[in-house]
> 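I have a structure I would like to understand better, so I am pasting it below and will then ask my questions one at a time.
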Amino acid sequence: MSNISAREAGSNPKKAVIWEERWHPLREEWVIIAAHRQTRPWIGQTVTSTLAPPPAYVSDCYLCPGNLRVSGLANPPYSGVYVSDNDHPCAGPDAPTELNTPPPPYRNRPATGRARVICYSPRHDLTMAQMSLAEISRVVEVWQAQTFDLGQLPEVNHVLCFENKGEVVGVSNPHPHGQLYATNFVFKTVEVELEAARRYRQESEPAQTLFAAIIRAEQSDGRRILYEDEYTIAFVPYFARYAYEVYVAPKRSVGHIYALTPPEVESLAKALKRVTVRFDNLWQMSFPYIMALHQAPTDGGDYRDFHFFIGFLPPLRQPNLLKYLAGPESGGGNFLSDTLPETKAAELLAVPDDEHYTRRSQPVRGEELPPG
Ligand SMILES: [Zn+2]
């Protein structure tokens, strides 16, 4: 680690040097915040945003309405949200059941479950940020129905809904879509968060829900909150591992998205829109991210400690600059962040969240924000 002094880092030593470790209570691990390193020289790969916006329909897109997929089946001429089986499933009823038994301690088993694709819109050229509130609400409702239905399957113990957005996270097709993995195991992130939530309740006096405590801590600080209404809150967490990491959560503690009421669904959709519009407006580009719904398992267990939320993990830390998972992250398992969550939240708060930049003729940076 470079040994930069306060004087070298900037004219205001107290302001310039933010160098500390922050506890990630959901993962029970330390995140190193080394914001004084951000100006270090960079000679690695950069990312350039896609130049021209895509057309509304593409004849060889396997997700556009009416088009043929690799399975040979054609998509129906759908108009709203469309869910189909993944043509390249990672888990499914066709997974081989006759497996070779490895020597201990190795183990294996069939990859049962389901994998589906969820198209948010028939329009090839939209992103969530450009969809209407009603359209995003419909996506949330389909997440609800899919989680509930897939969770009922006896071989399914967990439903992971997620979206990979942008070429830098490996998605070359811009058609707005996400995926549903219904698996016979519980994804590790949720397993870790569940254990942390249980421990927190046991060890807190009086017993408290971990995520409720996180929401209160964010509210008491206030600087990292991007959106809040009666039902939903969105914020850059104090312990963010990625520069523009954002959590969107219902204020009421529910384990699964299907437990949300219609007003909570609408509120969640509004928060999702506001956050994704801010992302896109930040650098006036379609902002890449990995988005995942953190939901409790669906195996019938007691998960009252688990608080459903949606996490955005954007891979960019500066325009055209990727966060690499290197030695500390991939090798050591803890994150090193070169950015300060308060600074990144301030950047997102400094751009409008009520109108997407593609609908404006003037640059959006640095303008005043409307209330709410
Ligand atoms: Zn398409």
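Every number for a ligand or one of its atoms is a count from 1 in the order of the listing. The figures here come from the full heavy-atom set of this structure, side chains too, leaving out hydrogens, waters and symmetry mates.
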> Find, among atoms of His124 that are N, O or S, the one nearest to the Zn ion (ligand 1), and state its name.
ND1
> Verify side-chain contact (heavy atoms from CB on, under 4.5 Å) between Val236 and Leu226, making sure each step is shown before the conclusion.
CA-CA 7 Å; Val236 178; Leu226 303 180; 4.3 Å; yes
> Do Ser267 and Glu264 pair up side chain to side chain, a donor and an acceptor below 3.5 Å, judged on atom types alone?
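Looking only at side-chain atoms, Glu264 and Ser267 do not form any donor-acceptor pair under 3.5 Å.
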> When Arg116 is tested against each of Asp149, Asp87, Asp85 for salt bridge (charged side-chain N to carboxylate O under 4.0 Å, His left out), which residue passes?
Asp85
> Identify whether NZ of Lys or CZ of Arg in Arg22 sits under 6.0 Å from the centre of the six-membered ring of Tyr238 and within 45° of that ring's axis.
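Because its charged atom sits under 6.0 Å from the ring centre and within 45° of the axis, Arg22 does stack over Tyr238.
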> If you stand at the Zn ion (ligand 1) and look out to SG of Cys61 and SG of Cys64, what angle do those two lines make, to 10°?
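Rounding to the nearest 10 degrees gives 110°.
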> Which atom, among the N/O/S set of His175, is closest to the Zn ion (ligand 1)?
ND1
